[in-house]
Amino acid sequence: MQLIVIVLCKESPSIELMLSIFTSYYGEQVILIFLTFLNHIRDIKDPEHPYSLEELKVITEDAIEVDNERSYVRVTFTPTVEHCSMATVIGLCLRVKLMRSLPSRYKMDIRVAPGTHATEAAVNKQLNDKERVAAALENPNLLDMVDECLAPSYA
């Protein structure tokens, strides 16, 4: 019997080190699968462009902070323009994707990079307010837009 272990980490770890740790504990029948937090969000599509947030440099690996001991994740994204009208939708997509992907123990902080958006404080407040997020997700049109951005692309 093989044991499949999924390792969630901020950056790609030393595969040799991780394999030696897991094989010494579980034996030779271990298959390790490494996922970084960027793997969870890299394919989110931009609401206005036919590109992913990663392709547009809206999100990068450097802008993801992870504290596994405290079950905390912070994603800082950079809108494509200072007056991006979709900044809140992009942030909502990031939050929803992580909510659907990560264990519920994780607290998420989704933020606009400092100085990159005209209404940065308002967007940050809206994206991190549980009641506002819940209300936004009750809006069928907004939820359809989020689901469209999160839908896998096979191109």
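This one's a predicted model, so the numbers in the text were calculated from it and none came from an experiment.
- A donor-acceptor pair under 3.5 Å is formed between the side chain of Glu120 and the backbone N or O of Gly115.
- Between Lys97 and Arg42 the shortest side-chain heavy-atom distance does not fall below 4.5 Å.
- Using a distance-only test at 3.5 Å, with no hydrogens or angles considered, a donor-acceptor pair links the side chain of Lys45 to the main chain of Ala151.
- Transitive grouping of hydrophobic side chains (ILVMFWY, heavy atoms separated by less than 4.5 Å) keeps Ile90 and Val81 in distinct clusters.
- Formation of a donor-acceptor pair under 3.5 Å by the Arg95 side chain with backbone atoms of Leu127 is found in this model.
- The shortest distance between side-chain heavy atoms of Val58 and Thr78 does not fall below 4.5 Å.
- Using a 3.5 Å distance cut-off with no hydrogens or angles, the side chains of Asn128 and Arg111 do not pair a donor with an acceptor.
- Annotation for Glu148: atom CD does not count as buried by contact number, only 12 or fewer foreign heavy atoms lying within 6.0 Å.
- The closest side-chain heavy-atom distance from Leu137 to Val133 is below 4.5 Å.
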Exercise. Could you go step by step and tell me if Leu150 and Arg100 meet the side chain to side chain contact (heavy atoms under 4.5 Å, CB included) rule?
Worked result: CA-CA 11 Å; Leu150 300 182; Arg100 292 177 181 174; 3.6 Å; yes
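- Panel note: side chain Gln126, backbone Val123; no donor-acceptor pair is recorded below 3.5 Å.
- The distance from atom SG of Cys93 to atom CG of Leu53, rounded to the nearest 0.5 Å, is 7.5 Å.
- To the nearest 0.5 Å, the span separating OG1 on Thr80 from NE2 on His83 amounts to 12.0 Å.
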For this session: Give the C-alpha distance, both sets of side-chain angles, the deciding distance and a yes or no for side chain to side chain contact (heavy atoms under 4.5 Å, CB included) between Val112 and Thr76.
Result: CA-CA 5 Å; Val112 173; Thr76 305; over 6 Å; no
Problem set entry | Stepwise side chain to side chain contact (heavy atoms under 4.5 Å, CB included) check, Asp46 with Cys149 | CA-CA 6 Å; Asp46 185 271; Cys149 291; over 6 Å; no
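- Side-chain atoms of Glu48 and Ser85, non-hydrogen and from C-beta on, do get closer than 4.5 Å to each other.
- Of the inter-residue distances, the one linking Phe77 atom CZ with Ile44 atom CD1 reads 10.5 Å to the nearest 0.5 angstrom.
- Residues Asp109 and Val73 are not in side-chain contact: their nearest non-hydrogen atoms beyond the backbone lie 4.5 Å or more apart.
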Exercise. Stepwise, does the side chain to side chain contact (heavy atoms under 4.5 Å, CB included) test hold for Met145 with Met86?
Worked result: CA-CA 11 Å; Met145 185 182 293; Met86 292 288 145; 4.2 Å; yes
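- Taking every heavy atom of both residues into account, Glu55 and Ser52 meet most closely at OE1-N, 2.8 Å.
- By the 6.0 Å contact criterion, CZ on Arg70 is open, its count of non-hydrogen atoms from other residues, nucleotides or ligands being 12 or less.
- A heavy-atom distance below 4.5 Å is not found between the side chains of Ile110 and Leu92.
- The CG atom of Leu98 sits 5.5 Å away from atom CD1 of Ile41, with the distance rounded to the nearest 0.5 Å.
- In this structure, the separation between CG on Asn139 and CG on Asp144 is 9.0 Å, given to the nearest 0.5 Å.
- Tyr72 has its side chain out of reach of Val66: every pair of non-hydrogen atoms, C-beta onward, lies at least 4.5 Å apart.
- Side-chain N/O atoms of Thr119 and His117 include a donor and acceptor closer than 3.5 Å.
- The side-chain heavy atoms of Tyr106 and Asp67, taken from C-beta on, include no pair separated by under 4.5 Å.
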